[in-house]
Engineer: 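Provided herewith is a single structure, encoded as structure tokens, for subsequent inquiry.
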Amino acid sequence: MPFSVAVAGASGYAGGELLRLLAAHPEFEVRTVTAFSNAGSDLISVQPHLRSLAHLTLVETSPEHLRGHDVVFLALPHGKSGEITAHLGDATLVVDCGADHRLVSEADWERFYGGEYFGAWTYGLPELVREGTGPQREAIAGSKRIAVPGCNVTAITLGLAPAVRAGVIETDDLVAVLSVGTSGAGKSLKPHLLASEISGSAAPYAVGGVHRHTPEIKQNLTAAGGADVRISFTPVLVPMSRGILATSTATLAEGKTLADARKAFEEAYGAEPFVHLLPEGEFPRTAETVGANTALVGIAVDDDARRLVTVTAIDNLVKGTAGAAIQSANLALGLPETLGLPLEGIAP
């Protein structure tokens with residue numbers, strides 16, 4: 001008997017990607033899809049690529065429509081998930097792809113988001129390495145409330161956390177610059193995302209430490225063992241629909257080398273099904289992760305600057321959002337972690 005599933009926010013990009021992956025999952029059956037302004041529409045009219053789910057109609061996003069399912073995935077704007085989850089039963093597995101339950105610090109929530117603080121849930125990044133303990137997947141197993149990381153956070157964390165835990169880098173001068181696809185900005189119509197505006201152009205945003213993912217990145221790297229974590233993080237919108245390429249750098253710790261860094265990453269990710277360290281001298285492209293739940297990591301050392309350089313590529317809608325949600329749900333339900341998740345990307 002498959003697990004019954006509801007997806008809230010099913011008309012958006014994240015919701016659509018959840019549905020695309022869930023449609024092929026052998027243990028999940030999508031029974032309810034919800035939306036706000038699109039409630040009442042046939043799902044196929046707003047997600048025309050989801051042909052196998054053409055029988056579903058979007059209903060209003062409300063606790064009444066979400067209750068009674070085995071699993072509820074939330075793909076809602078921040079502030080909306082917290083309003084709903086309090087009304088769902090404890091027996092239901094709830095996986096939130098939004099920001100409402102990621103941050104442990106209420107002060108960080110107030111500074112970067114504002115509004116009511118709904119508390120932190122189990123963090124849904126299975127491969128997150130933690131100081132003194134096993135990977136985060138051990139905390140996810142059996143959980144009923146899971147918060148999926150931000151997509152930028154996933155790319156930076158996977159590119160730096162092993163080096164932090166191993167003491168290969170200093171954590172008080174971290175720098176990350178990300179090339180980000182436009183789907184990360186959501187599906188709402190915005191002038192700066194029009195094809196005529198973004199085509200042939202690259203534009204930074206949230207410059208100067210104000211991006212809402214900043215405290216979450218610090219939270220993860222602190223959990224990995226970082227002391228006094230300081231990071232300057234700049235995302236750059238580029239003309240591609242999917243993908244994140246995160247170039248992160250840090251000062252090497254005294255006496256540490258590229259060999260030490262590679263050992264740290266090999267120990268962290270050598271057995272991981274979805275996070276792969278590339279051979280020395282190789283670096284990923286976002287095209288290699290499109291449609292896949294993979295994160296590809298290449299590392300180097302800038303000897304003159306004495307800095308570790310890591311380059312991480314993910315599909316922001318899969319490993320950065322929907323894939324991470326389903327991967328975490330698999331773990332929480334005792335299913336094989338890789339079930340229903342694509343390892344192969346789409347090319348060309």
Side-chain angles (χ1 to χ4, degrees), residues 102-105 108 120 122-140 149-150 152-178 209 213-234 244-284 295-314 319 324:
R102 295 171 183 163
L103 295 181
V104 172
S105 167
D108 284 343
T122 303
Y123 196 68
L125 183 57
E127 302 90 353
L128 172 62
V129 293
R130 304 176 300 180
E131 183 183 28
T133 62
Q136 181 66 12
R137 64 171 44 85
E138 296 173 359
I140 297 171
N152 298 306
V153 180
T154 295
I156 295 173
T157 298
L158 292 176
L160 288 176
V164 172
R165 186 181 66 171
V168 172
I169 58 174
E170 305 293 345
T171 57
D172 60 352
D173 181 24
L174 307 175
V175 178
V177 178
L178 279 64
H213 287 174
T214 301
E216 192 182 342
I217 297 164
K218 294 176 67 175
Q219 178 176 290
N220 289 352
L221 298 181
T222 299
D228 189 25
V229 175
R230 302 182 190 181
I231 184 164
S232 177
F233 151 48
T234 305
I244 293 175
L245 190 72
T247 301
S248 304
T249 76
T251 301
L252 278 174
E254 186 67 30
K256 298 299 182 179
T257 65
L258 176 60
D260 296 317
R262 289 200 65 85
K263 180 181 178 183
F265 280 82
E266 287 165 356
E267 290 178 351
Y269 299 145
E272 288 294 344
F274 295 120
V275 183
H276 301 160
L277 175 66
L278 299 184
E280 187 171 344
E282 293 187 16
F283 301 92
L296 305 182
V297 184
I299 67 174
V301 165
D302 182 336
D303 288 319
D304 290 337
R306 288 294 299 161
R307 293 185 76 83
L308 176 70
V309 181
T310 76
V311 182
T312 306
I314 63 170
K319 186 56 178 166

Engineer: When you measure from the side chain of E272 to the backbone N and O of E127, does any donor-acceptor pair fall under 3.5 Å?
Structural biologist: no
Engineer: If I compare all heavy atoms of P162 with all of V129, which pair ends up nearest, and what's the gap?
Structural biologist: N-CG2, 3.8 Å
Engineer: Answer yes or no: is there a side-chain heavy-atom contact under 4.5 Å between P284 and L278?
Structural biologist: yes
Engineer: Side-chain contact, heavy-atom cut-off 4.5 Å: D302 with T249?
Structural biologist: no
Engineer: Do L252 and D260 make a side-chain contact, defined as non-hydrogen atoms from C-beta onward lying under 4.5 Å apart?
Structural biologist: no
Engineer: Please give me the minimum heavy-atom distance between P149 and G124, naming the atom from each residue.
Structural biologist: CD-O, 3.3 Å
Engineer: What are the two closest non-hydrogen atoms of L221 and V164, and how far apart are they?
Structural biologist: O-CG1, 3.6 Å
Engineer: Looking only at atom types and distance, does a side-chain atom of Q219 sit under 3.5 Å from a main-chain N or O of V104, one as donor and one as acceptor?
Structural biologist: yes
Engineer: Shortest non-hydrogen contact from Y269 to L158?
Structural biologist: OH-O, 2.7 Å
Engineer: Find the distance between CD1 (I231) and CD1 (I217) and round it off to the nearest 0.5 Å.
Structural biologist: 5.0 Å
Engineer: Taking all heavy atoms of K319 and all of A324, pick out the closest pair and write down the distance.
Structural biologist: O-CB, 3.5 Å
Engineer: To the nearest 0.5 Å, what is the distance between CZ (F274) and CG (L296)?
Structural biologist: 12.5 Å
Engineer: Test: side chain to side chain donor-acceptor pair (under 3.5 Å). Region: residues 156-173. Which pairs qualify, not counting sequence neighbours?
Structural biologist: T157-N220, D173-R307
Engineer: How would you list, by chain and number, every residue that makes a side chain to side chain contact (heavy atoms under 4.5 Å, CB included) with S232, sequence neighbours excluded?
Structural biologist: none
Engineer: Side chains of V301 and T257: closer than 4.5 Å at any heavy-atom pair?
Structural biologist: no
Engineer: Testing the basics here: between A155 and A246, what is the closest heavy-atom pair and its distance to 0.1 Å?
Structural biologist: CB-CB, 3.8 Å
Engineer: With rounding to the nearest 0.5 Å, note down the distance linking OG1 in T312 to CG in L160.
Structural biologist: 7.5 Å
Engineer: Short question: side chain of Q136, backbone of Y123 - any donor-acceptor pair under 3.5 Å?
Structural biologist: yes
Engineer: Is there a side-chain contact between F233 and K218, using heavy atoms and a 4.5 Å cut-off?
Structural biologist: no
Engineer: Name all residues meeting the side-chain hydrogen bond (donor to acceptor under 3.5 Å, both in side chains) criterion together with T122; count only those two or more places apart in sequence or in a different chain, and write none if there are none.
Structural biologist: S143
Engineer: Roughly how far, to the nearest 0.5 Å, is the CD1 atom of I299 from the CG atom of L308?
Structural biologist: 6.0 Å
Engineer: Going from CG on L178 to CG on L245, what distance comes out if it is rounded to the nearest 0.5 angstrom?
Structural biologist: 8.0 Å
Engineer: Does R230 CZ have over 12 foreign heavy atoms under 6.0 Å away?
Structural biologist: no
